[in-house]
Amino acid sequence: MSEVKPKSGLTWRSYIGLIYTIVIFIPSQIYLVLATGSVPSGVQFFSILLLAELFRLTGGSLTIHEGIIIFIWAAGWFLPPLFVQRIQALWFRTAPVAYAFGLGGNAAPWWFAPFLDTGVWEARTFLHPAWIIPLLLPIIASTVTGFSSLGLGLLARQLYIETEQLPFPMQEMSVQAVETLVKRDKERLHILSLAALFGFIWGFVVFTLRFISVGFKIPLPLVPVPWADWNIYVEPTFPGASMGFATDITYLALGFILPVNVAIGMFIGSFSIYFVGNCLSVQYNLSMYRWWEPGMNIALSLQRSILYMWALPLIGIGLAAGLTPVFLRYKIAAEAFSAIFKRKPEAKRRFPEEFPAWMMFLPYILGAVYSTVLIAYLAPGFPIWIAATANFTLPLLLTVVSTRIVGTTGHFFVPPNFNETLIYLSGYPEADAWFTSWNWSWQSYTAGDGWCTQIYMLMRTGTSLRSSIKTWLAILPLLILFMFLITEFFWRIAKIPSELYPGANIFWPIQATYWGLWTTRPPGLFQPQLLVGSFLVMAAISIICEFIKFIPPGSAVSLAAGAVMPTPMAFPILIGVVIGKILSLVFPPIAEKYKFTVGAGLIVGQGTAIIIGVCIALISGSMWVLPY
């Protein structure tokens, strides 16, 4: 609890610093999405590291409040590549896969992407009237979603920060890293630097060498990304099972900071689904359609097993893990909700900044109304009661579930194919509703977990949430404008997909295949009893874990978090816990005191190596398109 009033983190220095991160890092992030299909990690830590030194060289220094604001909003990491997604939507009209499913050409609605006869595909530009609605819809939706998730985040804060006081392990690690970089505590900075050096070497070997090899066409032995795939060794004995090791050091770092029972629970949850469950489904033909073939890699195995086996069970598992503790601890939940309307003395609140109840509910309600009306306009035949029910109820459920999971395990819970499952189960026969799911029209995926984790970091540093909200509103228009300009620039340089942007060549056809599968709706693909059955099983596990005293708190939630995490990501978390325990035995006082610092240092070091690699890729890409 705190009696000190939070201080603003929005100053001229933090605002200029954020603009600097947008200008410097947005081009590299967009290029990496096009080149590899993923967004670089570590940008936030690298931004703090860079800006702290720049301001120190000019005779000033960042405050912890400015530092945490920069960390939260650095380089626009919170916003997906909106305009790249729109190019992908236009490309879908031309894709052979789309034609194979009868969705090519002008089959998709006009508001999804411009028709091909407008000439924008050949011109490679957004500067055409046909783009106005297809661009405005996701831009407006992202803003509406931001406000809606803010309200839900304030509600989640009451439940999980003020009342249950969950540990939020990844956010705690981030706070300690920012404090170390800004305050320059010598002992902690020394530990951070050593861990960062190891993380940089790791990141250089895994990521930077890859950029050098691909960018300059130099043959080098490369570490596989995103994971070492061991399926080829596993399948002779366990057909269908997936196993590997993620080469992103973030998962190893997460293992350092998580409680042992949480890390073990996450591995058991993942291993049970993607190793044991997949193997049993193949050996005993438990799925409606045959989804596995010999030689299948982890990525394809993951996508097809979720589509044909686990889509509904994963939703049921997540809902049960998040909601069952709320019902079992109904007095705590009731106290949290009553506190929304009853003002507490500041000294009794962990986060003294108070907000009226309407700020929690009004943005969420307006967002649900907007989404429902939009779907009714874009897909007029779709049952409006289904859209309304989903947009008004599912964000609340997802907030309760995902925030509990991230507050306990550090891992965000995103149920796969949520909107697609709703549309499928509705029985609606037309294709237009499916395309609403792929242009941000639904609010059913909105949750307050992101804002709640942000509030935790603000609380830990005594920073004002109002200043964070103002920062978001101040940088959002600039961020959207700059993303638009940079994406337009990359598109004009070369076609997307193309040799210059190989990630789109690889991943867009895969995504198009799943769009086609969902839209054509193979009969019998989903069985609702799987959702109900998985919910009941997970609810029973949660109840058992709640009432058996020797089972540590968070065990059931960690199982659910692991269920949506591929096995190659859960395995290094388990290894990280083992390494952490060995270090605790060898250096008992130091290891426990600095475990968050070590984890943060590993991520800072790897992030620095990734940013250097992205810059190399940009340089090599620019050289590739030069006329000489």
Side-chain angles (χ1 to χ4, degrees), residues 1-2 6 9 41 44-45 48 64-65 67-69 71-73 77-78 149-150 152-180 250-251 253-263 265-266 318 321-322 325-326 329 332-333 336 349-353 398-414 447-463 465 468 552-558 560-562 564-565 573 576-577 580 592 594-600 602-603:
M1 69 184 67
S2 173
S41 60
Q44 296 163 279
F45 288 110
I48 287 290
I64 184 59
H65 314 294
I68 204 67
I69 287 293
F71 178 84
I72 287 171
W73 300 111
W77 67 271
F78 58 92
S149 58
L150 168 60
L152 292 167
L154 289 169
L155 180 63
R157 159 207 166 181
Q158 204 62 51
L159 275 170
Y160 298 124
I161 294 179
E162 295 289 350
T163 307
E164 284 202 51
Q165 301 187 9
L166 296 181
F168 291 90
M170 282 296 286
Q171 286 65 44
E172 181 63 31
M173 183 180 72
S174 299
V175 166
Q176 292 203 17
V178 173
E179 286 180 337
T180 302
T250 302
Y251 300 101
L254 184 58
F256 279 14
I257 65 174
L258 287 176
V260 174
N261 69 294
V262 171
M266 292 172 74
V326 174
R329 305 171 191 173
I332 294 176
R349 296 197 302 265
R350 296 185 78 194
F351 193 57
E353 203 169 4
L398 194 54
T399 294
V400 170
V401 171
S402 185
T403 311
R404 174 179 290 282
I405 290 175
V406 74
T408 305
T409 69
H411 180 69
F412 286 92
F413 173 82
V414 181
D449 48 2
W451 276 100
C452 188
T453 56
Q454 180 188 137
I455 291 169
Y456 177 87
M457 290 188 286
L458 295 168
M459 175 205 72
R460 281 281 288 105
T461 56
T463 307
L465 174 57
S468 190
S555 298
V557 171
S558 64
V564 294
M565 177 179 283
I573 293 176
V577 165
E592 189 61 31
Y594 292 116
K595 64 180 182 180
F596 286 99
T597 307
V598 171
L602 294 173
I603 297 173

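Model, not experiment: these values are computed from the prediction.
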Review point. Residues in side-chain contact (heavy atoms from CB on, under 4.5 Å) with Pro167, at least two apart?
Key: Pro169
Point to revise | Side chains of Trp451 and Arg157 in contact at under 4.5 Å (non-hydrogen atoms) | key: no
Check your understanding: Quick one: are Ile455 and Ile161 in side-chain contact, heavy atoms under 4.5 Å?
Key -> yes
Practice item. Of all the heavy-atom pairs spanning Leu166 and Tyr456, show the shortest one and how long it is. Key: O-CE1, 4.2 Å
Review point. Looking at residues at least two apart in the chain, or sitting in another chain, which of them share a side-chain contact (heavy atoms from CB on, under 4.5 Å) with Ala156?
Key: Tyr160, Thr399, Thr403, Cys452
Review point. Are any non-hydrogen side-chain atoms of Thr463 and Ile64 less than 4.5 angstrom apart?
Key: no
Check your understanding: Do you know which two heavy atoms are closest between Ile69 and Gly9, and how far apart they sit?
Key -> CG1-CA, 3.5 Å
Check your understanding: Which heavy atom in Ser558 sits nearest to a heavy atom in Val262, and how many Å separate them?
Key -> CB-O, 3.4 Å
Check your understanding: Can you name the residues that form a side-chain contact (heavy atoms from CB on, under 4.5 Å) with Thr453, not counting sequence neighbours?
Key -> Phe168, Gln171, Val406, Phe412
Review point. Is the closest side-chain heavy-atom distance between Ile573 and Met565 below 4.5 Å?
Key: yes
Review point. Nearest 0.5 Å, what's the CG-OG distance between Leu155 and Ser149?
Key: 12.5 Å
Point to revise | pair Leu458-Pro6: side-chain heavy atoms closer than 4.5 Å | key: no
Study note, to complete from the structure: Taken to the nearest 0.5 Å, the spacing of Leu465 CG from Gln454 CD works out to 6.5 Å
Review point. Any idea which heavy atoms bring Phe256 and Gly576 closest together, and the distance?
Key: CD1-O, 3.2 Å
